Structure formats: structure tokens, C-alpha cells
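Take a look at the structure below.
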Amino acid sequence: MSSVHTNPSSLHALLKEIWGHSQFRGQQEQIVQTITNGGDALVLMPTGAGKSVCYQLPAIARHRAGLGVTLVVSPLIALMHDQTQALQELGIACGFLNSSLSAEQTQQIEHEARSGQLVLLYAAPERITTPRFLNLLESLNARGKLSLFAIDEAHCVSQWGHDFRPEYVALNILHERFAKVPRVALTATADAITRADIVQRLQLEDAHQFISSFDRPNIRYSIVDKTDARKQLLRFLKEEHLGDAGIVYCLSRKKADETALWLSSTGLTALPYHAGLDAQTRRAHQDRFLQEDGLIMCATIAFGMGIDKPDVRFVAHLDLPSNIESYYQETGRAGRDGAPAHAWMTYGLGDVVQRRRMIDENQASEEFKRIQIQKLDALLGLAESATCRRVILLGYFGQASQACGNCDNCLQPPRTWDATEAAQKALSAIYRTGQHFGASHVIDVLIGNASDKVKQFGHNKLSTFGVGKALNPIVWRSVLRQLLARGALGIGDYQSLHLAGDARQILKGEMPVHLRVIEKNTSKNKTRIHRTFAEKNGQKRPETASKKDSSFSSLTPEAAKRLDALKVWRSETARAHAVPAYVIFHDKVLIELAEQMPDSMEELAEISGIGVHKLQAYGKDILIVLRRT
């Protein structure tokens, strides 16, 4: 195994030179040291915690030591494009090979890799296993110029992961053919069973495992009962995130299209993104999202992986994800800059029924279905919980924590009610109708609605007909949903409900049932939540302050003026380089520049986030902007 023996001071020097940072974050230094010195590693690090540096810095160090190119396995064209753009802005020679390139461009990248010019080469797993690409790797390896394999989004290799991709399974060929080349697998989300699967499939049994904290304390988690999803979403956007950039996740392409069109009709700026759009449109929409302020992307899960936009202030789910890993990764795309962000989801009975049906109709093995049901049940437990969301979320990944004070349940603890009698009535109605009908039919029986279907089957003559008149259909849907979530109900063919789990104990009165009370999602409730947050955290203003207020409120008028001028310069520079503004500099860098007002290249070099290449490329322009304001 080729190795480079480095010391901490040289790694710090490289971090400062390339990225302009004086200190590593969290476990970065240990990870970088291990990989640079030729060790294998499995890295679990949340979105926004600096995962890319963990393989990019070793790649640079090993390339400078004469060990050649690092191959980065990446699942998406857009992801490769964005990461290579960012590296090139740092002065790092890199490239990618995918279907977006012409034959001539492909040959040029291959030539640059063979000649030793490239530090990193990005490629998709399906390309890596082709004879042509393997021949390229063989030629590099024969000359000792194949430095490192970095397998990004490594959860894709696991059948238990939330984004399994069969082509990732074939990546074990890298270790089989190039056993002496060190490997690092990286992901932001993997529970214990997924981690074990990654290790087994990629043959990383002897690798060092680095599991960082999964906590994203700047993100507030909120889950609301779905009553009128569109109205609830619009209220959330206009009352709490007007003018903010964010993502609205939808389960279907059609819903993403319709939601974007509807939000646009309300005066908001929204675009759709999903696999049904042609590649040019998807790219155009993604570029607008990355480059514009305040744009809302309405998307399926096809959007988001590798999106480095730091100022996404919210992620909203109009539909229930399939598991906690998906939820965690998707919500983690908010607040990458560390500033306050919001993960909001509306969730109802239909979501539970739909997700269970999707698992049941899957042609996979019974073992696979069993695991997926367990994962869905864990997510339902999070959604229905009356305790801290963050404690449950982190606990899923094996991390102990305390109540966070920054989720809806902490800020406004939900009320519960003794629903034992209601649960017994619901279960009895399901049993007496033969356990062959869906929620709407059962609710009609409970409230005494003699619909044509109810009369057709004679269910208006049952003893349970009308026994639930005292509760409205919304409450009954909540009862059924929560019974499903706790496993007392199951879902059969045609979305029919049937008794399961502890249903019989509940019917016999042997098990009390306490359920969450449905709270109206009103401005009054929101104000109470914000007041509670302020009281708990010693703040004088609610957390709904605008993005500008929350990010830049400490700036003096003179510094704010400098910041505005710097942002104008950054936008113009980004357009000239055809990259998103944050690739030039993040807001944090501009804020420090506005506050410190450096007056020389030497003083500029002390600003965190300005490395040597960017200092040379942009230093003089920055000084001119600062001196003019």
C-alpha cells in the first residue's frame, strides 16, 4: 500500500493554503491523516460538516507526493459538475468522465489523467466498471499513479440504504483488482444495518470507521397534521420564510409540477425539478436555484444530492419520505452555512397508507420488505412522537442526546387525550366490516354517514354504525393514522385496514391508548412557539426574523454597506466564471471581510476561507471594492 507519512502541521498548512482555514472541524484531521497515510476509512459525516475535504485534502497531499490521481465515485452528473467547479476555483486540477462529454472531451480528460495533470477524477459507478475505464486504471496503477479511491454517497451500495443503486454493488472490483490502493467510503446517512452492509459489500472490514455527530442544531424540526397541505405550506412560506431559498419535496413528478405552478401563481418564485424533465431544463432550473436568491425548488428526490448551496433556509415535505435516512438527508440540505434553518413536514393518514402500500407491492424479497417496514415504522414514530424530535432522530443513528429546545415538540409540547374508547370503536368498526375496507369507508360507518357504498354492503345496519358521531372525520383520520403508526392496524389489498399487533388487547380494554391532539396550525400557535423559543434561549426577538436580519444584524451601517458592495462584486464575478456565487466565496467570508476591512494582501490572507489561489485570483479586486465603500 502506497503511503505518505504526514504530520499535523503539514496538513494544517495545506488546509490553510487551499481552503484558507486554520483549523479542521470535528474529526476531519484524524480522517485526513488516516487517508493521507494510506489507510482505508468509512466516514459518516452529516451534510454541511465538511465531508468533501476528508478526501480532497488527502488527494492533493498524495498527488504532491507523486502518487498520482484520486478516483472519486459519484452517482450524479450534476454532482460531479458542481464539485469540479468548486475545486477548479480553488486552483485544483480535476475533471470528470460522464455521458455529458463529447468523444473529444473524454479523450482529453483521459489524457490529462494519464499524464499526471489531474489531482482528482470524478466518474459514475457504471462507467468505472467498463473495460475502457478499467484499462485506464490499470495503466495508471502499473506506473504507481493511482493514488486513492473515494466512494462518495456510499449508502448507495447498500440494499438497506435509502437510495440503493445496483451499479454501486459492482464497485468491489476496485479492491479486487487494485488491492493496494487505499479506499475511503463516505456518506451522510447510514444506520447500523446500512453501515454493516457497506462494510461487507465494499470489503472494508479492516477500515477505520469515523462516525461524527449527526446533530444539526441549527435546524428546527416541525411536523404538522395534514389538513389542507397547500394552505399549510403557503402559510409556512409566507409567515416564516418569505424571500428565502428552499426546497419543497413531493412524492410524484406531477405533484412537483403542480406545486411549482401553484406557488408561482401566489407570487412566489418556484420551479419544478424531477427526472421527467429533459436534462437541459433540469440543469437550467438547478443553475437558477444555485445562483438566485429566494427561489423555491419543488422537487422529487431526484433533486438535492450534492447541492452545496449554503443558504437554503428551509426544506418542506408535502409527502412522507420512505424512512428516517431519506428524511435526514433531505432536511440536511437546509442550513449548510450554520445559520438558522427549518425542516417542515405535513403528514397525514394517506401518507401512511400510501407508503405501506408501496412496500407491499414491491417485488423485492420478504426480508427486504420487513426491513423497509421497520424503517417506515421508525419514521412514523418520529412523526407521531410527543417528545423531542431531535432525540428520536439522533437515537435512530445510535447517538444519545437531550431535549433540544428547538423543535416543535420542545417549543410547544403537544397535548394528548385518552383515546382508548375511540380506538376501540375504530377497531370494532374495522372488524365488523370484515377488515376489507379503507379509511374513508370505516369513517363513514363510525360517523353514521349512509353513503351508497355503506348501504350497498349493509354496513348502515351494523352496531358500530354511528357510534363515533361525537368526533369529526378529521379526528377519526388522526385516530386511524396513529393506530397504524403504533402497529395496531395493518394495510392489506386496495388500502384496506385490518387488525394487527396489540389491537385485540385494546379491544378487550387491557391496554389504554393515549393519542396526540390535533393542533390547528395557526399564526397564534406560531407566535406562541416563537415566544417560547425566545424565552428559553434568552432572545428578545422571534426566530422568524428575515434572512438578512438573522445573518447580518450585528453589522454596523458602514459594514453593511461594504457587505452589499462585496455581494454585488461576487455576483458579477460568479456570472463571469459561470459558477454559483457561493463557489466564489460564502457569505461568512464576505461578512468577515466587511467587518474586518483588511487593507492589504497580507491582511486578506488572514481571513478564514481565502486560500492562496483565491487570494491571487481575487485579492486585488476585493481590496478595490473595500476601499471604494
Side-chain angles (χ1 to χ4, degrees), residues 1-4 31 34-44 51 54-56 58-59 62-63 65-76 79-80 94-99 106 109-110 113-114 116 118-161 163-187 190 193-210 365 368:
M1 178 182 294
S2 300
S3 62
V4 178
I31 298 168
T34 297
I35 300 169
T36 303
N37 289 345
D40 293 338
L42 172 62
V43 176
L44 275 77
K51 181 160 54 75
C54 292
Y55 68 83
Q56 290 172 354
R62 293 175 67 82
H63 186 270
L67 296 179
V69 66
T70 289
L71 171 65
V72 183
V73 182
S74 183
L76 297 174
L79 178 54
M80 299 179 208
C94 60
F96 57 78
L97 288 173
N98 59 45
S99 59
T106 297
I109 294 296
E110 290 174 344
R114 284 193 171 94
L118 296 184
V119 178
L120 298 104
L121 174 63
Y122 287 76
E126 56 268 29
R127 177 176 288 263
I128 289 168
T129 53
T130 62
R132 176 170 176 164
F133 198 93
L134 289 171
N135 286 338
L136 171 62
L137 296 182
E138 291 280 9
S139 67
L140 291 169
N141 190 54
R143 294 183 287 113
K145 297 300 181 182
L146 189 54
S147 174
L148 172 68
F149 293 134
I151 303 169
D152 203 8
E153 309 296 345
H155 57 271
C156 293
V157 78
S158 172
Q159 64 174 322
W160 312 124
D163 192 22
F164 173 59
R165 303 194 179 200
E167 57 270 20
Y168 261 71
V169 175
L171 290 177
N172 58 9
I173 194 174
L174 296 178
H175 184 56
E176 291 170 358
R177 289 208 184 186
F178 312 102
K180 293 184 179 181
V181 178
R183 294 165 301 146
V184 54
L186 309 102
T187 178
I193 189 173
T194 303
R195 291 199 294 270
D197 207 27
I198 293 171
V199 167
Q200 187 270 324
R201 288 178 180 271
L202 294 180
Q203 302 174 41
L204 288 169
E205 289 82 1
D206 297 326
H208 300 268
Q209 292 196 20
F210 298 93
S365 68
F368 179 84

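Everything numeric here is computed off the predicted structure, so don't read it as measured data. When reading the values below, keep in mind they use all heavy atoms of this one structure, side chains included, and skip hydrogens, waters and symmetry mates.
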For [X] versus [Y], what's the shortest heavy-atom pair and its separation?
X    : Y    : value
L134 : T129 : CD1-O, 3.8 Å
S147 : G68  : CB-O, 3.6 Å
I109 : G95  : CD1-CA, 4.3 Å
C54  : I35  : O-CD1, 3.4 Å
A207 : A41  : CB-N, 3.8 Å
E167 : P125 : CG-CG, 3.5 Å

Please enumerate all residues that pass salt bridge (charged side-chain N to carboxylate O under 4.0 Å, His left out) together with R183, with sequence neighbours excluded. D40
Listed partners of [X] passing side chain to side chain contact (heavy atoms under 4.5 Å, CB included), at least two apart:
X    : answer
N141 : L146, F178, V181
Q209 : L42, V199, I211
A59  : T70, V119, L120
A113 : L118, L121

Do [X] and [Y] make a side-chain contact, defined as non-hydrogen atoms from C-beta onward lying under 4.5 Å apart?
X    : Y    : answer
R114 : S139 : yes
L171 : F149 : no
V169 : R201 : yes
P75  : R165 : yes

Determine the sole option in H155, E153, K51, R195 for which the side chain to side chain donor-acceptor pair (under 3.5 Å) test with T187 is passed.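 The option that passes is H155.
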Would you please name every residue forming a side-chain hydrogen bond (donor to acceptor under 3.5 Å, both in side chains) with Y122, sequence neighbours left out? Y55, Q56, Q83
Rounded at 0.5 Å granularity, tell me how far [atom1] in [X] sits from [atom2] in [Y].
X    : Y    : atom1 : atom2 : result
L186 : I31  : CG    : CD1   : 8.0 Å
L174 : L137 : CG    : CG    : 7.0 Å
C156 : I151 : SG    : CD1   : 11.0 Å
L71  : L136 : CG    : CG    : 9.0 Å
L97  : S74  : CG    : OG    : 12.5 Å
F164 : S158 : CZ    : OG    : 8.0 Å

Which pairs, with at least one residue in residues 127-151 and sequence neighbours excluded, count as a salt bridge (charged side-chain N to carboxylate O under 4.0 Å, His left out)?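 Every pair satisfying salt bridge (charged side-chain N to carboxylate O under 4.0 Å, His left out) with a residue in residues 127-151: E110-R132, E138-R177.
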Using atom types as modelled and distance alone, determine if a side-chain donor or acceptor of D197 lies under 3.5 Å from a backbone N or O of I193.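 Looks like no, no N/O pair under 3.5 Å.
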Does G116 offer a backbone N or O that forms a donor-acceptor pair with the side chain of H63 under 3.5 Å?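 Judged by distance alone, yes, a pair lies under 3.5 Å.
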